[in-house]
There are 2 protein chains.
Amino acid sequence: MSTDAFTVLAEPTRRRILDQLRDAERSVGELVDGLGVSQPAVSKHLRVLRDAGFVTCRTAARQRIYRLDPGPLRAVDGWLDPYRRLWARHLDALERHLDSQEQ
Amino acid sequence: MSTDAFTVLAEPTRRRILDQLRDAERSVGELVDGLGVSQPAVSKHLRVLRDAGFVTCRTAARQRIYRLDPGPLRAVDGWLDPYRRLWARHLDALERHLDSQEQ
DNA sequence: ACTTCATATGACCGTCAAGGCATATGGCGG
DNA sequence: CCGCCATATGCCTTGACGGTCATATGAAGT
């Protein structure tokens, strides 16, 4: 069953996988090499990432090539959206503070 | 010990707490009422959120008032940053596709 | 000082997820 | 058709986490 996007991102190894896929698609073997984690572990994480829609999979000869899908990350970005006002507010407050310091 | 920001956000109840604190600071009791979760559970989640810097705590009479701190959320936003290029790229590709359709 | 209210903490339990190992699948070359 | 290579899956153990209940802390009021 598909897991929640935040739960998926909670795993450091999975985030590292996403990092590796950011610039280019990669085969499972390449990911294993780049991560220093056992192949079954990587495959399992890929399963989770696939089920949650973070990555898609294409079969090329004997290899499976994984590619990043931006969808779920956009969703997370969307979740963050209402919070961005906070930083803006904080920055405003900071500005006001600095302004009052200046004069 | 302080837990990783993504791990903290993986908990639905903790996200709901953050949601509640988005607009205004609240006492523990108010949070309990708004969440329908037992008070000890809420206190523990608040502990985690505090340790990770998501919230700060002020003591007012017998109550403890919690307020949202944007720091860790900004960090998450920063982590997302290099991925935003992907959506941009995707949109570009879509545009190009639509353009080629038009003519 | 004693009680009460608001919150924090500790102990205990059930659940779940991650890693390691062994093994199954499935395409490909000989 | 058989063995090999790349990847996936099952089983098992272990550790972390969340919930509940009971209890500790600590400030306020009487």
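Below, chain A is the first sequence line, B the second, and so on; all start at residue 1. Quick note: numbers below take in every heavy atom, side chains included, and nothing from hydrogens, waters or symmetry partners.
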Query raised in the report: Taking CZ from A/R47 and P from C/dA24, how many angstroms apart are they, rounded to a whole number?
Result: 19 Å

Report task. To the nearest Å, give me how far apart CG (A/L49) and P (C/dA18) are. Result -> 10 Å

Requested in this report: Check whether any side-chain heavy atom of A/P12 sits under 4.5 Å from a side-chain heavy atom of A/R16, and report yes or no.
Outcome: no

Requested in this report: Would you give the length of the straight line joining atom NZ of B/K44 to atom CD of B/E11, rounded to the nearest 0.5 angstrom?
Outcome: 12.5 Å

Query raised in the report: Is the closest side-chain heavy-atom distance between B/L73 and A/L80 below 4.5 Å?
Result: yes

Report summary line: When A/V42, A/I17, A/L21 are each screened for side-chain contact (heavy atoms from CB on, under 4.5 Å) with A/Y66, the one that passes is A/L21

Report task. Taking the side chain as every heavy atom from C-beta outward, state whether A/D33 and A/E30 have any pair of such atoms under 4.5 Å apart. Result -> no

Show each protein N/O and nucleotides 17-19 of chain D N/O combination with a separation under 3.5 Å, one pair to a line.
from, atom 1, to, atom 2, distance (Å)
D/dG18, OP1, B/R14, NH1, 3.0
D/dG18, OP1, B/R14, NH2, 2.7
D/dG19, OP2, B/H45, NE2, 2.8

Query raised in the report: Which value, rounded to the nearest 0.5 Å, describes the distance between B/T56 atom OG1 and B/L49 atom CG?
Result: 11.5 Å

For nucleotides 22-30 of chain D, tabulate all protein N/O to nucleotide N/O atom pairs closer than 3.5 Å, reporting atom names and distance.
from, atom 1, to, atom 2, distance (Å)
D/dA28, O4', B/R62, NE, 3.4

Query raised in the report: For the atom pair CG (A/D4) and CZ (B/R15), what is the distance rounded to the nearest 0.5 Å?
Result: 4.5 Å

Query raised in the report: When rounded to the nearest 0.5 angstrom, what is the spacing between CG in B/L86 and CG in A/D23?
Result: 8.5 Å

Requested in this report: Find the distance A/L46:CG to C/dG19:P and express it as a whole number of Å.
Outcome: 12 Å

Requested in this report: Could you tell me whether A/D77 and A/R84 have a side-chain N and a carboxylate O separated by less than 4.0 Å?
Outcome: yes

Requested in this report: Can you run through DNA chain D from 5' to 3' and write each base as (, ), [, ], | or . depending on how it pairs? Watson-Crick or G-U wobble, both distances under 3.5 Å.
Outcome: ||||||||||||||||||||||||||||||

Requested in this report: Round to a whole Å and report the spacing from CD of A/Q63 to C1' of D/dA6.
Outcome: 7 Å

Requested in this report: May I have the distance from A/R58 (atom CZ) to D/dA6 (atom P), rounded to whole angstrom?
Outcome: 17 Å

Query raised in the report: What is the distance from atom CZ of B/R74 to atom CG of B/D69, rounded to the nearest 0.5 Å?
Result: 10.5 Å

Query - 4.5 Å side-chain heavy-atom contact, B/V55 and B/L18 - result: yes

Query raised in the report: Could you give the CG-to-P distance, from A/L31 to D/dA8, as a whole number of Å?
Result: 10 Å

Report task. Take atom CG of A/D51 and atom P of D/dA8, then tell me their distance rounded to the nearest Å. Result -> 12 Å

Query raised in the report: Can you find a side chain N or O atom of A/Y66 that sits less than 4.0 Å from OP1 or OP2 on D/dA8?
Result: yes

